[in-house]
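This one's a predicted model, so the numbers in the text were calculated from it and none came from an experiment. Below, chain A is the first sequence line, B the second, and so on; all start at residue 1.
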Number of protein chains: 2
Amino acid sequence: MTPTRQDAPPRAARDERTREARRDALAESALTTLGELGYARTSLREIAANSEFSHGVVHYYFRDKTELITYCVRYYKARCVHRYDGVVAESRTAPELLIAFSDKLVETIVDEAPMHRLWYDLRTTSMFEEALRPDVVAIDASLQDMVWRVVSRYAELAGRPLVVTPGVAYAMLDGVFERCLLRHLAGERDALDELRAAVRGALPLLLRAD
Amino acid sequence: MTPTRQDAPPRAARDERTREARRDALAESALTTLGELGYARTSLREIAANSEFSHGVVHYYFRDKTELITYCVRYYKARCVHRYDGVVAESRTAPELLIAFSDKLVETIVDEAPMHRLWYDLRTTSMFEEALRPDVVAIDASLQDMVWRVVSRYAELAGRPLVVTPGVAYAMLDGVFERCLLRHLAGERDALDELRAAVRGALPLLLRAD
DNA sequence: CCAGAGTCTTGACGAGTGTCAAGACTCTGG
DNA sequence: CCAGAGTCTTGACACTCGTCAAGACTCTGG
């Protein structure tokens, strides 16, 4: 066998890597577009216009629109489900974690509002389109775990047990977050402060009364 | 002046009433269609197909699609915001109200699932389309009031004050409800029982510890 | 340098959309 | 019974969409 140079891998392998890079680039452009327009109004031409390619190239890297969207959804998930792990790891007391977590929520609702509304859009759309449901359910479960890591660590630091299930804890916090996102997008000034206050007030309620 | 017969009002008045009846009939058909397909995939032809009229008639009674949708949204609101008033009026103790309210939530999530997912669809869509936002915000406020009537009456019967604002109480319950709706639509059997249990477990948390 | 595989652009297609105009139908006042 | 206002249907329009085929461009192995 002819030995291959290590810094020049065989053709197929290199192609596979650039191919993956192209798919990721298209996914980035797609996510930008989806965050601006929403699922229903996002067209392949608009996605391509937000990329460096023309509209036909999408079908060169993805079988159809559904495959692109699915790829985007998974791409998105991989990027966001560990958003609060730092908060969990670095907080030393329960009040400290409460403050860091609520601040982080406010930060992300400001910095990543389009991605958040896209997620709610996809989740709602999955109530009508079964094709989206498996991926949405998987992400929802990941988000529930993410919240549970925060909440259970909070309880641990507080030295008091939780009185809610992971599902209910996630649903409650998510409800608060979604409502504040809507109000923030509607331009309500105090939405952010209320989110912070709401979370700081709500988390202690999930602990057994001492 | 020639007196008009009381059981035969002038032409214009009668026309106005039948015109209103037509608009309501179209709104009913539109809501059915919207609940089945969602906001984005509902077309005027599909709405007309679910009515006794042809597709052109929509523009005879509504200026454009937006006016029809707006009319539908308000029509929907008027029908649903007093859903739990009976529960509030008839319950005599806090535990009784808790049971009646949670049962009613389960009942409506089963019987009116399409309308509920439509509401979430509209609310999410309003994050992208400003035209929908005023009506959505108004309905959201009505729903918050609706929940607050339940929750505050519950606190009153329990003889303990609430420790959350109306907005947070609504957001938390709505989050639990939305999550269970999604799971119910996904065919998860225990979604309904979990909704019931979640609400019965959650409402007491909103009262000051005794 | 050149053939050929790989990559990307362009333009077309059929289906579906909101909108509207022209005309057919219906009902009623005189 | 008839004219005309009111109501509804039909068919067309301009447009956008996902998809795909034909060809142009790019890059590289030999």
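The distance from atom CZ of A:Phe53 to atom C1' of C:dT9 is 12 Å, rounded to the nearest whole Å. A:Ile47 has its CD1 atom 17 Å from the C1' atom of C:dC8, to the nearest Å. With rounding to whole Å, A:His55 atom NE2 is found 14 Å from C:dC13 atom P. Rounded to a whole Å, the CZ atom of A:Arg41 is 14 Å from the P atom of D:dG18. For the pair A:Asp64 CG and D:dT19 P, the computed distance is 5 Å after rounding to whole Å. Remark: C1' of D:dG18 and OH of A:Tyr39 are 12 Å apart, rounded to the nearest angstrom. Here C:dC20 presents its P atom at 10 Å from CZ of B:Arg63, a figure rounded to the nearest Å. The CZ-P distance, from A:Arg45 to C:dT9, rounds to 14 Å in whole Å.
For the residue pair A:Asn50/A:Thr33, the side-chain donor-acceptor check at 3.5 Å is satisfied. Remark: the B:Glu112 side chain and the B:Thr108 side chain contain an N/O donor-acceptor pair separated by less than 3.5 Å.
Annotation: of the two residues near DNA chain D, A:Gly56 and A:Glu46, the 5′-most nearest-nucleotide partner is A:Glu46.
A close approach under 4.0 Å does occur between a side-chain nitrogen or oxygen of B:Tyr61 and OP1 or OP2 of D:dC8. Within the 4.0 Å cut-off from OP1 or OP2 of C:dT17, at least one side-chain nitrogen or oxygen of B:Ser43 is found. Between B:Tyr60 and D:dT7, a side-chain N or O to OP1/OP2 separation shorter than 4.0 Å is present. Proximity of A:Arg22 to the phosphate of C:dC8: a side-chain N or O atom is located under 4.0 Å from OP1 or OP2.
Across all non-hydrogen atoms, the minimal contact from B:Tyr61 to B:Arg23 is O-NH1, 2.7 Å.
Salt bridge annotation for A:Glu178-A:Arg117: absent, with no cationic side-chain nitrogen under 4.0 angstrom from a carboxylate oxygen.
Across all strands shown, C:dG6 is found opposite D:dC25 as a Watson-Crick or G-U wobble partner, with both distances under 3.5 Å. Nucleotide C:dA12 is matched to D:dT19 when pairs are restricted to Watson-Crick or G-U wobble geometry with both distances under 3.5 angstrom. Here D:dG30 sits opposite C:dC1 as a Watson-Crick or G-U wobble pair (both hydrogen-bonding atom distances under 3.5 Å). Taking a pair to require two hydrogen-bonding distances under 3.5 Å in either a Watson-Crick or a G-U wobble arrangement, C:dT17 pairs with D:dA14.
Within the nucleic acid shown, B:Ser54 comes within 4.0 Å of at least one base atom, counting heavy atoms only.
The environment of CD in A:Glu130 is sparse: at most 12 heavy-atom neighbours from other residues, nucleotides or ligands sit within 6.0 Å.
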